[in-house]
Trainee: 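If you scroll down you'll find the structure; I have some questions about it.
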Amino acid sequence: MSSPAVLSAIDATERKTRNDLAACYRLVARYGMTDLIYNHITARIPGSDHELLINPFGMLYEEITASALIKIDIEGNVLAPGSTSYGVNRAGYVIHSAVHAAREDVQCVIHTHTRAGVAVSCMTDGLLPISQTALRFMGRVGYHDFEGPAIDDGERSRLIAALGRNDVLILRNHGLLTVGRTVAEAFLLMQRLETACQIQVAALAGGPPIFPSRSSQERTAALFNPATGSADVSVSGGLEWEALLRQLDRIDPSYRD
């Protein structure tokens, strides 16, 4: 499915973006956050005029390679089809292009349908501030009500209003979405968000949870906020990303083609 010829004609910036995005797909698969061939991770190519990379609809995340990724514009037109015969899923285009068009600060958008994520999206109070992991997101989560499968362009404005300037959007009765200034940051946020949801589901199964004090909630949230965070706390995902790429390269470097 890979084709080095696809990569030979692109510049270093796009090549790095393709490698990072392909790695992100593989890592989402390794961390159990996939839903067969569904969902999407998109990345904007830095310096381009809203050129995005997205997965071919039909490949498992564990199969994604840098050359297989499809390049589209903000309107969903295919600019480069990649090395497979698969096309683009419209639901992925509707959600992801809306975010990229509205948020110039965002390079990467990740959307998942995990069991724990969907479970929390169905809870009245959403993500609860009951664990250190969840407190990372305090004050940085938006909520969007379910309107059915995301194939209606009219939903885009409502989705963007719900996201606002947040890092996380919980799609009610649907799943999770994170945005990052880099692929690394978006992945770290999604992995931490998924972990927080798993903790919440497990904790609630044991009875009413214990909530930290309001002061400890606020202090923890501030430490993990990129705007106010401590140098002792990883908030951008850079250190984790380097370690994860080393792991992928040891296990199966084929994602790079």
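When reading the values below, keep in mind they use all heavy atoms of this one structure, side chains included, and skip hydrogens, waters and symmetry mates.
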Trainee: For Ile70 versus Gly87, what's the shortest heavy-atom pair and its separation?
Mentor: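 Shortest heavy-atom separation between Ile70 and Gly87 comes out as CD1-O, 3.7 Å.
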Trainee: Any heavy-atom pair between the side chains of His96 and Leu52 that's under 4.5 Å?
Mentor: no
Trainee: Is a side-chain donor or acceptor of Asp257 paired with a backbone partner of Ser67 at a separation under 3.5 angstrom?
Mentor: yes
Trainee: Would you call the rings of Tyr25 and Tyr61 parallel, tilted or perpendicular, where under 30° means parallel and over 60° means perpendicular?
Mentor: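 Tyr25 vs Tyr61 ring planes: perpendicular.
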Trainee: Any chance CZ of Arg115 has more than 12 other-residue heavy atoms, nucleotides or ligands included, within less than 6.0 Å?
Mentor: no
Trainee: List the steps and the verdict of side chain to side chain donor-acceptor pair (under 3.5 Å) for Glu104 and His50.
Mentor: CA-CA 9 Å; Glu104 292 287 344; His50 288 288; 3.1 Å; yes
Trainee: What are the two closest non-hydrogen atoms of Arg181 and Gln107, and how far apart are they?
Mentor: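 Shortest heavy-atom contact: O-CB, 3.3 Å.
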Trainee: If I compare all heavy atoms of Ile95 with all of His174, which pair ends up nearest, and what's the gap?
Mentor: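 The answer is CD1-CE1, 4.4 Å.
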Trainee: Angle class for the His40/Phe57 ring planes (parallel below 30°, perpendicular above 60°, tilted otherwise)?
Mentor: tilted
Trainee: Does the side chain to side chain donor-acceptor pair (under 3.5 Å) test come out yes or no for Arg192 and Thr178, once each step is laid out?
Mentor: CA-CA 10 Å; Arg192 295 288 82 196; Thr178 61; over 6 Å; no
Trainee: Using 4.0 Å as the upper bound for N to carboxylate O, is an ion pair formed by Asp252 and Arg26?
Mentor: yes
Trainee: Just checking Gln217: does its CD atom have more than 12 heavy atoms from other residues, nucleotides or ligands closer to it than 6.0 angstrom?
Mentor: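 For Gln217, atom CD is crowded (more than 12 foreign heavy atoms under 6.0 Å).
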Trainee: Once ring pair (Phe, Tyr, Trp, His ring centres under 6.0 Å) is applied, do any residues pair with Phe137, and if so which ones, sequence neighbours excluded?
Mentor: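 Ring pair (Phe, Tyr, Trp, His ring centres under 6.0 Å) list for Phe137, sorted by chain: empty.
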Trainee: What about Met190 and Leu127, same hydrophobic cluster or not, with Ile/Leu/Val/Met/Phe/Trp/Tyr joined at side-chain heavy-atom distances under 4.5 Å?
Mentor: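 Per the 4.5 Å side-chain linkage, Met190 and Leu127 are co-clustered.
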Trainee: Using a cut-off of 6.0 Å, state whether more than 12 heavy atoms not belonging to Asp105 lie near its atom CG.
Mentor: yes
Trainee: Would Asp249 and Tyr255 satisfy side chain to side chain donor-acceptor pair (under 3.5 Å), going step by step from the backbone distance to the final call?
Mentor: CA-CA 9 Å; Asp249 287 338; Tyr255 70 94; 3.0 Å; yes
Trainee: So how far is it from Leu245 CG to Arg250 CZ, rounded to the nearest 0.5 Å?
Mentor: 11.0 Å
Trainee: Identify the residue among Val88, Leu79, Asn77 that makes a side-chain contact (heavy atoms from CB on, under 4.5 Å) with Ile72.
Mentor: Val88
Trainee: What closest approach, in Å, do Val183 and Ala43 show between heavy atoms, and which atom pair accounts for it?
Mentor: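 In terms of heavy atoms, the two residues are closest at CG2-CB, 4.2 Å.
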